[in-house]
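What follows is a set of notes on a single structure, which appears directly below.
Below, all heavy atoms of this structure are taken into account, side chains as well, without hydrogens, waters or symmetry copies. The sequence lines fix the lettering, A, B, ..., with proteins before strands; numbering per chain opens at 1.
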Number of protein chains: 2
Amino acid sequence: MSQTVDRALSILPLLAEGPADLGQVADRLGVHKSTALRLLRTLHEHGLVYRQSDQRYRLGARLFALAQEAMENLDIREIAHPHLVRLNEQTGHTVHLAVHEENEVLYIDKVESRYPVRMYSRIGKPVAITVAAVAKLLLADLPEAERRALADKLDYPLYTARSTANATAFLRELELVREQGWATDLGGHEESINCVAAPVRGADGRVVAAMSVSAPNVVVTAEELLTLLPLVRRTADDISGEYSGRTPVRDPA
Amino acid sequence: MSQTVDRALSILPLLAEGPADLGQVADRLGVHKSTALRLLRTLHEHGLVYRQSDQRYRLGARLFALAQEAMENLDIREIAHPHLVRLNEQTGHTVHLAVHEENEVLYIDKVESRYPVRMYSRIGKPVAITVAAVAKLLLADLPEAERRALADKLDYPLYTARSTANATAFLRELELVREQGWATDLGGHEESINCVAAPVRGADGRVVAAMSVSAPNVVVTAEELLTLLPLVRRTADDISGEYSGRTPVRDPA
DNA sequence: ATGGGTGTTGCACGTTTCGCAACAGCCCAG
DNA sequence: CTGGGCTGTTGCGAAACGTGCAACACCCAT
């Protein structure tokens with residue numbers, strides 16, 4: 001690791017606490033004033049640090065711009081994909097990844113049993129929003145007002161006898177999902193298909209995506225599928241960790 | 001200025017464009033792979049850079065945390081926020097707060113129409129500096145020499161037919177804004193969006209921030225939006241007063 | 001197996017950075 | 001006006017630090 005860079009970067013969290021002048025920075029870094037000056041100058045040239053009118057230093061505008069740009073380029077799908085593949089290899093079942101957008105829930109990735117098929121279209125198919133396990137997870141995380149408003153606007157088609165029947169039942173189900181942190185769809189969409197799903201959360205704890213494992217009755221019973229829940233949740237948590245930058249990746253120290 | 005730090009910091013905007021692997025980083029920096037590796041490691045230790053499971057690097061969570069922390073420490077923002085909210089309640093439109101820093105103008109707060117939810121999403125994004133009403137106000141306050149120098153350096157993208165076309169037009173517009181003490185953007189950035197803005201001044205009279213109200217054509221015409229000007233200016237003046245310590249906090253009756 | 005593609009490590013050279021000390025402004029007090 | 005204290009700034013030599021090289025380790029395809 002580079003000492004100079006290390007010192008320079010140590011300035012950033014220090015300034016995040018509030019503005020500081022050259023002397024304070026030098027003291028807290030444990031270096032000579034002239035050294036601190038040069039480091040600050042370099043940070044300044046890159047816009048990470050800004051000098052306000054009283055000559056004290058602040059964190060600069062470029063930092064916001066960088067964070068902003070990085071946010072937009074964060075591709076959940078890209079991060080999640082290898083995890084989906086691994087989950088598929090471990091279970092043999094179909095794995096889905098879905099996001100919530102504009103009152104719809106869309107699949108954005110899918111790995112099918114044995115042969116990994118990547119869906120390249122960014123805009124996937126809308127899912128059955130009232131019954132799909134992933135939809136429940138994504139909607140359960142909305143503020144209550146939005147949840148209610150949305151629930152009222154939806155249609156509740158009876159795909160099967162176990163489909164969610166109306167807004168009241170749906171809201172009750174969302175409440176349950178919200179509390180337990182996972183969701184299922186047991187024959188609610190197609191009679192013979194069961195799903196178990198877990199949420200992917202961003203750094204702020206909000207649900208940004210949901211992942212599910214689906215299998216037909218003829219292959220595994222609902223009970224057997226439920227035994228996969230811990231694995232599904234762990235995988236979702238791994239993705240969450242990676243997505244929010246909490247590095248769960250092994251470092252070959 | 002420090003060469004090592006300079007190189008290390010150059011990695012950040014590079015990664016903001018999207019994830020990259022070691023070789024790509026080294027190439028674009030023009031250094032040996034081993035050098036890039038050590039720089040990345042240092043950045044990694046500080047959490048500014050994160051290594052995803054495919055071993056590629058991307059910007060890390062700490063960057064977001066820093067940006068957010070820095071933003072929350074901006075005192076103008078804290079003081080202005082309740083005023084923005086009130087203005088939003090009174091007008092129903094989107095309200096922005098922006099500051100000027102290092103030849104960029106960026107939004108530091110935003111209250112969206114009617115929804116009490118505070119969106120961090122677009123905050124931090126640099127604004128279209130040649131057309132945005134807030135940008136004109138902030139730049140119009142610069143000393144003439146700086147204004148000229150800046151105007152020459154800028155690009156003048158034609159977002160719409162009403163966008164500022166070149167440096168001459170821009171300087172003329174700034175002169176006007178400077179005299180009248182407020183600014184507009186009538187379809188200069190997006191055809192159907194109009195803005196009206198007013199400056200926030202510090203104790204010394206210099207413009208420290210600018211506030212705008214934006215609304216699409218389909219909701220209110222430009223003329224109707226302009227009738228809000230007195231209210232916008234009064235609000236900006238209130239913020240100015242509070243920021244410069246002249247006025248005790250006014251009750252929001 | 002074998003080759004090209006990655007990422008990683010140890011090392012010797014020399015460029016870069018460090019701390020020092022002296023300088024330059026600024027503000028306040030005498 | 002003058003002087004002292006405070007902050008930020010600059011030139012310089014010494015040496016520490018970072019650099020590029022080359023060799024290695026590893027993974028995946030062919």
Side-chain angles (χ1 to χ4, degrees), chain A residues 1-12 14-15 18-46 48-60 78-79 81-86 88-89 111 114-118 242 247-253, chain B residues 1-12 14-15 18-46 48-60 102 203-204 206:
Chain A
M1 88 186 126
S2 162
Q3 182 194 69
T4 315
V5 177
D6 185 51
R7 285 173 171 173
L9 297 182
S10 302
I11 293 177
L12 298 179
L14 196 152
L15 288 184
D21 62 26
L22 180 61
Q24 293 170 325
V25 171
D27 281 352
R28 295 200 48 185
L29 273 189
V31 301
H32 195 269
K33 279 185 305 178
S34 59
T35 312
L37 178 69
R38 274 180 285 249
L39 296 176
L40 281 165
R41 269 223 265 260
T42 310
L43 289 169
H44 178 82
E45 272 170 22
H46 285 258
L48 295 183
V49 142
Y50 170 64
R51 193 143 198 205
Q52 41 188 41
S53 44
D54 62 354
Q55 297 226 318
R56 290 192 305 167
Y57 293 92
R58 276 213 106 277
L59 291 184
E78 212 171 311
I79 292 172
H81 191 73
H83 295 273
L84 302 194
V85 171
R86 211 178 53 217
N88 166 262
E89 283 165 358
V111 182
R114 278 290 178 195
Y115 296 109
V117 175
R118 173 114 177 220
E242 195 171 328
T247 220
V249 177
R250 39 194 154 268
D251 257 348
Chain B
M1 91 188 116
S2 161
Q3 183 194 74
T4 316
V5 177
D6 185 52
R7 286 173 171 172
L9 296 183
S10 301
I11 293 178
L12 298 179
L14 197 152
L15 288 185
D21 63 26
L22 181 61
Q24 295 170 326
V25 172
D27 281 351
R28 294 197 49 183
L29 273 187
V31 299
H32 196 269
K33 280 185 305 180
S34 60
T35 308
L37 178 69
R38 273 180 284 251
L39 295 176
L40 281 165
R41 269 225 264 262
T42 311
L43 289 168
H44 178 81
E45 275 170 20
H46 284 258
L48 296 183
V49 143
Y50 161 68
R51 192 144 200 207
Q52 35 186 59
S53 47
D54 62 355
Q55 298 228 89
R56 291 192 305 166
Y57 294 91
R58 69 171 180 84
L59 293 184
E102 307 280 335
D204 54 1
R206 302 238 8 211

#### Entry: His32(A) NE2 to dA22(C) P, straight-line distance once rounded to whole Å
12 Å
### Query
Among dG18(D), dT8(C), dT19(D), which is the nearest nucleotide to the side chain of Thr4(A)?
dG18(D)
### Task
Go through dG8(D), dT17(C), dT10(D) for me and flag the one nearest to the Ser2(B) side chain.
dT17(C)
### Task
Would you mind reporting whether Ser10(A) and His46(B) have side-chain heavy atoms less than 4.5 Å apart?
yes
## Note on the structure
Here the gap from Glu45(B) atom CD to Leu9(A) atom CG, rounded to the nearest 0.5 Å, amounts to 10.0 Å
#### Entry: Nearest-nucleotide comparison on DNA chain C, the residue closer to the 5′ end among Arg38(B) and Gln24(B)
Gln24(B)
### Message
Side chain of Ser34(B) only, heavy atoms from C-beta on: which candidate in dG20(D), dG19(C), dT16(C) is closest?
### Response
dG20(D)
### Query
In whole angstroms, how far is the P atom of dG18(D) from the CG atom of Asp6(A)?
9 Å
### Query
Which heavy atom of Thr42(A) sits nearest a heavy atom of Val5(B), and at what distance?
CG2-CG1, 3.7 Å
### Query
To the nearest angstrom, how far is Leu39(A) atom CG from dT10(D) atom C1'?
16 Å
### Summary
Per atom distances to the Val31(A) side chain, the nearest of dG18(D), dG8(D), dG19(C) is dG19(C)
### Query
Do Leu15(A) and Leu43(A) have side-chain heavy atoms sitting under 4.5 Å apart?
no
#### Entry: Whole angstrom value for the distance that separates C1' of dT7(D) from CG of Asp27(A)
13 Å
### Task
Measure from the side chain of Arg51(A), starting at C-beta and using heavy atoms only, and say which of dG20(D), dG8(D), dT9(C) lies closest.
dG8(D)
### Query
Within this structure, what is the CG-to-P distance between Asp21(A) and dG5(D), rounded to whole angstrom?
20 Å
### Separation of dT19(D) P from Gln3(A) CD (nearest whole Å)
12 Å
### Query
Within this structure, what is the NZ-to-C1' distance between Lys33(B) and dG5(C), rounded to whole angstrom?
9 Å
